[in-house]
Amino acid sequence: MASTQSAPKSLRIVVIGAGMAGILAATRLLEAGKHEFVVYEKADRVGGTWRENTYPGLTCDVPAHAYTYSFAPNPEWSSYLSPGAEIQRYFESVAEKYALDKFMQFGQEVTRCEWKNGRWELETAKGLKDTADVVIAATGVLHHPSTPDIPGLDTFAGACFHSAQWDHSVALDGKRVGIIGSGSTGVQIVSALAGRASKVIHIQRTPQWIMPTPNDPYTEEQKAAFRANPALIDEIRYNEAYTSAVRRFTEAIIDPDSSQMHEIEAIVQKNLEDSIKDPVLREKLRPNYRAACKRLIYSSDYYQKVQRPDVEVAIGGIKQIEPNGVRMADGSLQEVDVLVLATGFHADRFVRPMRLIGRDGADIDSRWSPSPSAYLGITVPGFPNFFMINGPTGPVGNFSLIDIAERQWGYIEHLLAALESGEARSVELKEETLRAYDERRIAAARKTIFGSGCNSWYLDATGVPASWPWSYDAFAEQTAKPRDEDYVCAA
Ligand code: NAP
């Protein structure tokens with residue numbers, strides 16, 4: 001943003017959420033010498049999605065050294081893809097390293113955030129009130145579990161819980177466990193429970209394409225080398241193979257007829273043909289939509305695990321849940337002792353259920369009806385000095401959300417600088433900027449592979465893929481710096 005000669009201003013900043021994005025915001029503010037901020041977190045510790053998801057097999061399918069803050073490399077990752085508990089410890093360690101505790105208020109869920117007289121007024125569920133010049137919403141994407149509306153669910157006699165609310169008091173060894181859902185979560189749980197439960201039944205309404213992926217452990221020698229020479233970590237994070245794979249993947253998403261997409265299709269088809277020996281099971285597991293239409297699933301062992309004698313795949317709709325198990329639409333009963341609902345999340349909530357009221361009474365619920373949007377996933381007209389990390393329409397494909405968040409943070413820093421310089425008391429996205437962005441975005445999104453004819457959490461309430469529909473490089477370029485013409489700066 002253009003600078004003027006006004007007096008510099010110290011901003012009071014409220015960050016909402018202490019997950020990956022909230023920790024990022026807090027550490028970056030501290031590194032920039034800003035101490036006038038607080039992070040409100042509804043839970044009792046940091047971690048966000050990695051705190052809440054503790055299901056067996058939880059693994060990040062982005063390479064560990066790429067799913068790491070650029071400013072906090074971690075030579076200790078145990079394997080190419082890191083387990084969830086390790087990622088949670090990583091975030092805790094970063095929070096400790098920066099002594100973020102003194103900036104964090106745990107057990108404080110922000111329930112109201114309202115722009116009044118040129119400032120944000122906030123209130124938490126416990127009645128705490130605060131004001132701020134700027135609010136950074138780091139509230140996450142997939143954090144409202146979706147419980148399916150299946151008849152009879154409440155009649156099930158055994159333990160039943162959502163994958164994001166895993167009940168670790170329930171014994172699984174020797175039990176028959178049914179897992180409903182074949183997204184990344186369901187697939188990881190099935191792989192982890194195979195051989196541990198007496199029987200695992202994977203209940204799938206829709207089979208998935210599976211991308212084979214290696215997941216080798218790092219040896220002690222490798223870790224020692226990473227410790228001694230952090231450049232080796234950068235080599236993995238920024239190496240040509242990984243970055244060109246990300247580039248190839250985004251090119252494939254945005255152009256379903258591209259050679260890159262045909263390459264992905266060939267790999268997942270070959271994986272199915274080569275891995276599943278029984279032709280009946282192979283056909284059961286064959287999706288009837290294009291690869292990457294739903295979020296592509298990365299797994300090194302799912303196809304091996306489903307061929308075990310103690311694992312069964314039940315494909316098709318569910319008629320109802322009964323005390324003893326799951327009655328499928330074809331009339332068969334899948335008898336289970338424990339039922340896991342790996343049925344995903346309400347992906348359109350973002351900062352909600354917080355009541356967010358902007359300038360002149362603008363209400364985010366109305367603004368985002370029927371579907372949410374934010375410019376570059378960061379700003380919304382009518383909501384001055386309110387900046388989101390990983391907000392609606394940002395890139396949520398199969399690559400590092402940390403990288404995306406860092407890019408968005410870089411953009412937000414420019415907006416903060418404009419406010420701190422005294423050049424403006426508020427910065428607000430122009431209505432016409434979002435309108436033009438949405439027009440282009442929706443037209444492009446319909447042409448992506450996500451819009452090629454399948455159901456997924458990528459689709460908004462109008463059936464349009466809500467994810468960034470352009471290249472990774474375009475995102476990097478457009479988030480490099482805000483354009484003056486996109487914002488109204490009020491003095
Ligand atoms: P998801 O991808 O939304 O999958 C939900 C599953 O539940 C689908 O298979 C869906 O079937 C099924 N389902 C929903 N309602 C149902 C019903 N009434 N009856 C039968 N089946 C029903 O959710 P997720 O697996 O939790 O994954 C969500 C996202 O979290 C992922 O896409 C990914 O972005 C992230 N994630 C990432 C990792 C990682 O390794 N990085 C791991 C786990 C999750 P249909 O397909 O038929 O709708």
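In listed order, ligands and their atoms are each counted from 1.
Salt bridge E92/R89: absent, no basic N to carboxylate O contact under 4.0 Å. Electrostatic pairing of R28 and E413 does not count as a salt bridge here, judged by no charged N lying under 4.0 Å from a carboxylate O. The residues E220 and K223 are annotated as salt-bridged, a charged nitrogen and a carboxylate oxygen being separated by less than 4.0 angstrom.
Ligand 1 lies within reach of Y55, whose nearest heavy atom is under 4.0 Å from it. Using a 4.0 Å heavy-atom cutoff, K294 is listed among the residues neighbouring ligand 1. Residue contacts with ligand 1 include A342, since one of its heavy atoms falls under 4.0 Å from the ligand. Heavy atoms of F345 come nearer than 4.0 angstrom to ligand 1 in at least one pair.
Residue T206 has at least one heavy-atom neighbour below 4.0 Å for each of these atoms of ligand 1: 45 (P), 46 (O), 47 (O). Counting the atoms of ligand 1 from 1 in the order shown, those under 4.0 Å from a heavy atom of R295 are 31 (C), 32 (O), 33 (C), 34 (O), 41 (N). Atom numbering of ligand 1 starts at 1 in the shown order; those under 4.0 Å from a heavy atom of T59 are 39 (C), 40 (O). Those atoms of ligand 1 that come under 4.0 Å of a heavy atom in P148, given as number and element, are 17 (C), 18 (N). Proximity to G181 (heavy-atom distance under 4.0 Å) selects the following atoms of ligand 1: 6 (C), 7 (O), 9 (O), 12 (C). Listed by number with element, the atoms of ligand 1 under 4.0 Å from a non-hydrogen atom of N455 are 48 (O).
Both the backbone and the side chain of D61 come within 4.0 Å of ligand 1, judged by heavy-atom distances. Contact annotation: for Q188 versus ligand 1, heavy atoms closer than 4.0 Å belong to the side chain alone. With a 4.0 Å cut-off on non-hydrogen atoms, T185 touches ligand 1 through its backbone as well as its side chain. The side chain of I180, and not its backbone, has at least one atom closer than 4.0 Å to an atom of ligand 1 (non-hydrogen atoms only; side chain from C-beta on).
Judged purely by atom type and a 3.5 angstrom limit, Q208 uses its side chain to pair as donor or acceptor with the backbone of S182. The closest donor-acceptor contact from the side chain of T462 to the backbone of D460 lies at 3.5 Å or more, if one exists at all. Remark: the backbone N or O of R247 is paired with a side-chain donor or acceptor of T250 at under 3.5 angstrom. Under the 3.5 Å distance criterion, the side-chain polar atoms of S146 are left unmatched by any main-chain donor or acceptor of G344. R446 places no side-chain N or O within donor-acceptor distance of the main-chain N or O of V464, the cut-off being under 3.5 Å.
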request  = Would you please test E273 and K270 for salt bridge (charged side-chain N to carboxylate O under 4.0 Å, His left out) and show each step?
outcome  = CA-CA 5 Å; E273 307 301 338; K270 183 169 174 0; over 6 Å; no
message = The test is salt bridge (charged side-chain N to carboxylate O under 4.0 Å, His left out); show your working for R441 and D438 and say whether it passes.
response = CA-CA 5 Å; R441 177 182 66 78; D438 274 343; 2.9 Å; yes
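Annotation: atom 38 (C) of ligand 1 to nearest protein heavy atom, S184 CB, 4.0 Å. Nearest non-hydrogen protein atom to atom 23 (O) of ligand 1 is G344 CA, 3.2 Å. For atom 30 (O) of ligand 1, the closest heavy atom belonging to the protein is L142 CD1, 3.3 Å. Atom 9 (O) of ligand 1 has as its closest protein heavy atom S182 N, 2.8 Å. Given atom 48 (O) of ligand 1, the protein heavy atom at minimum distance is R205 NH2, 2.9 Å.
With sequence neighbours excluded, the residues satisfying ring pair (Phe, Tyr, Trp, His ring centres under 6.0 Å) with F71 are Y69.
Nearest-residue assignment for atom 1 (P) of ligand 1 (options W457, Y298, Y458; heavy-atom criterion): W457.
With 3.5 Å as the limit, one finds a donor-acceptor pair spanning the side chains of S332 and D330.
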